[in-house]
Protein chains: 2
Amino acid sequence: MAQALKFRQAPSPLKASCHQCSLSNLCLPLAIQDNDLDSLEDIVQQGRIYNRGEHIFDQSTQFRSCFAVKSGSIKTSIITESGEEQVTGFFMPGELVGLDSMSGEAYACTAKALERTSVCEFPVEKLEELTGKLPDLQHHIYHLMSQEIQNGHQLAMLLSKNTAEERIASLLLSLSSRFQRRRMSPTNFSLPMARNDIANFLGLAVETVSRVFTRFQNQGIIRARGREVELLDVEALQLVTREFSRQGCQQ
Amino acid sequence: MAQALKFRQAPSPLKASCHQCSLSNLCLPLAIQDNDLDSLEDIVQQGRIYNRGEHIFDQSTQFRSCFAVKSGSIKTSIITESGEEQVTGFFMPGELVGLDSMSGEAYACTAKALERTSVCEFPVEKLEELTGKLPDLQHHIYHLMSQEIQNGHQLAMLLSKNTAEERIASLLLSLSSRFQRRRMSPTNFSLPMARNDIANFLGLAVETVSRVFTRFQNQGIIRARGREVELLDVEALQLVTREFSRQGCQQ
DNA sequence: CGTCCAAATTGATGCAAGTCAAATGCTACT
DNA sequence: AGTAGCATTTGACTTGCATCAATTTGGACG
């Protein structure tokens, strides 16, 4: 079975092994038959490891590849002409980064490692070629992209209709369920991103994020020390996210 | 060549003629070679005509098709469990509606005709099958979907960082350029949507939208009477959209 | 181990936009 | 043509969050 191969320290680009990967139930392999997995492995490149703060790719540079997070986490953001930043997403292991750039020659956003992060790289030409051959993979890519469109709509709703508390509760619950799907504790995790990133993503000021965290803490809903977070009362959090809607109903 | 077949008035579903369509430079045909156009025509169905307010499809019903707007215009929105509506987009002739639903079995949103509207229908199974055969078409669908993801990010930015005036100026300019691409006046058009829809889409109260319209009018930037709008000073509008960013720079 | 700088917290104040309320203008329908 | 029922506008008032300012905490590094 050549198990040892996984551990050799050969120079990259190394061919990644989707067969061996523990994320195969989250990542692209979940979409395709075992016997087609080889053709996916053929086009994947083992990306290098990025330290916190390093860029995986930069907005406006030539679009070459999508990246799957293998370990660690990534934040994407767009920068306006005037230098304003807007965080557009956070990506965890198994998630695919770069789908928003499939429209053009250049990356539509910048991707930055939030911690020590490793990725797998899928060159677009090869990926497009392969999706032409594997209908299941094509379908899955459509699925992922439309999912991302829907995420955008949900975010728009959050931004335009919900209070600071509701936005933050939503984010915490989203992170929670994503940790859970990765077999990590849904109630006890460490936030990969800074308060600043949370604020920017949710359209709030950092101060507001900080205040809401302490308010939640005082109410006994969460316990937070720096980036370490413990969700003490998930139901209460869910209640917060629906608070607004419930009032809307009562009218 | 059986030219005559294209003009018969047979009962629908009628095969649409992309060859004859005046939107072929905006719609899906723009992506594919002339000799492949036939295979696209093979899967397109001439949709029926919808009156203002009629639904093209409904959220949570079985996802069957994407629709290209032929004439008129469409608004899409999502409805929460509590009945809250969030307008997610406006679609003009040549634009493709339903891409956000390619992830699942059900439509992710509801599409409603804003005026008398005709559409062409692309059944998904057939569309996916065809994109597997025509790399150019596949590429174009990826393009459209990633474009929509980017639109979502732009909207998120608008909602989280910009004032009411900036949001409305942006919308007016967006509509303007989309009218222009359709060979209609970029400065003199009639809004297909109600103030309410604008407000909802931009995360504002109707009253605020109304006030901003009159403010712009008093400043001589636009002239608005009901849904009829004339952009008197496009540069001033562009300035408004950048106002925020410019202040950000000065800091 | 102490120093330095960025991140996070806490408090005080102001304002943009929401909400409530009422008048006016449209449009569709009989 | 007349009326009913929305859509839009305008005004008065309220408020959630941003902004400004000042500490406090924490992590990186010599």
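Throughout, protein chains are lettered first and strands after them, A, B, ... in sequence-line order, and every chain is numbered starting at 1.
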| note | Rounded to whole Å, the CZ-C1' distance (Arg215(A) to dT10(C)) equals 12 Å
| remark: Sequence neighbours excluded, the answer for side chain to side chain contact (heavy atoms under 4.5 Å, CB included) partners of Ala111(A) is Ile56(A), Phe57(A), Ile74(A), Thr76(A), Val97(A)
| message | Pick the closest DNA chain C nucleotide for Arg52(B) and for Arg167(B) by heavy atoms, then say which residue is nearer the 5' end. | response | Arg167(B)
| All pairs passing salt bridge (charged side-chain N to carboxylate O under 4.0 Å, His left out) where residues 188-213 of chain B contributes a residue, at least two apart | Lys75(B)-Asp197(B)
| Selection residues 171-184 of chain A - residue pairs positive for salt bridge (charged side-chain N to carboxylate O under 4.0 Å, His left out), sequence neighbours left out | Glu95(A)-Arg178(A), Glu95(A)-Arg182(A)
| note | Rounded to 10°, the helix from dC1(C)-dG30(D) to dT30(C)-dA1(D) deviates from straight, judged by its five-pair end axes, by 50°
| message | Measure CD1/Ile168(B) against C1'/dA16(C) and give the value in whole Å, please. | response | 13 Å
| query | What salt bridge (charged side-chain N to carboxylate O under 4.0 Å, His left out) pairs are there with at least one residue in residues 51-64 of chain B, not counting sequence neighbours? | reply | Arg48(B)-Glu54(B)
Atom pairs under 3.5 Å, N or O on each side, protein against nucleotides 23-27 of chain C: can you list them with distances?
none

| message | Side chains of Glu166(A) and Thr241(A): any donor to acceptor distance under 3.5 Å? | response | no
| query | Phe122(B): what forms a ring pair (Phe, Tyr, Trp, His ring centres under 6.0 Å) with it, not counting sequence neighbours? | reply | none
| Between C1' of dT9(C) and CG of Asn218(A), the distance in whole Å | 12 Å
| query | What's the CG-C1' distance between Leu159(B) and dC17(D), to the nearest Å? | reply | 16 Å
| field | Partners meeting side chain to side chain contact (heavy atoms under 4.5 Å, CB included) with Ser146(B) (sequence neighbours left out) | value | Met102(A), Ser103(A), Met145(A), Gln150(B)
| query | Given atom CD of Glu115(A) and atom P of dG27(D), what is their separation to the nearest angstrom? | reply | 15 Å
Interface polar pairs with nucleotides 3-10 of chain D, N/O, under 3.5 angstrom:
unit_1, atom_1, unit_2, atom_2, d
dT8(D), OP1, Arg195(B), N, 3.3
dT8(D), OP2, Arg195(B), N, 3.2
dT9(D), OP1, Arg195(B), NH2, 3.3
dT9(D), OP2, Arg195(B), NE, 2.9
dT9(D), OP2, Ser210(B), OG, 2.9
dT9(D), O5', Ser210(B), OG, 2.9

| task | List for me each residue that meets side-chain hydrogen bond (donor to acceptor under 3.5 Å, both in side chains) alongside Ser190(A), sequence neighbours excluded, and say none if there are none. | result | none
| remark: From CG of Leu202(A) across to C1' of dA18(D) the rounded distance in Å is 15 Å
| How would you list, by chain and number, every residue that makes a side-chain hydrogen bond (donor to acceptor under 3.5 Å, both in side chains) with Arg227(B), sequence neighbours excluded? | none
| note | In whole angstroms, the gap separating C1' of dG16(D) from NZ of Lys161(A) amounts to 17 Å
| request: Determine yes or no for a side-chain-to-main-chain donor-acceptor pair under 3.5 angstrom, with Arg167(B) supplying the side chain and Leu159(B) the backbone. | output: yes
| task | Round to the nearest Å and state the distance from Asn200(A) atom CG to dA8(C) atom C1'. | result | 16 Å
| message | Tell me every residue that passes side chain to side chain contact (heavy atoms under 4.5 Å, CB included) with Ser101(A), counting only those two or more places apart in sequence or in another chain. | response | Phe63(A), Tyr107(A), Ala108(A)
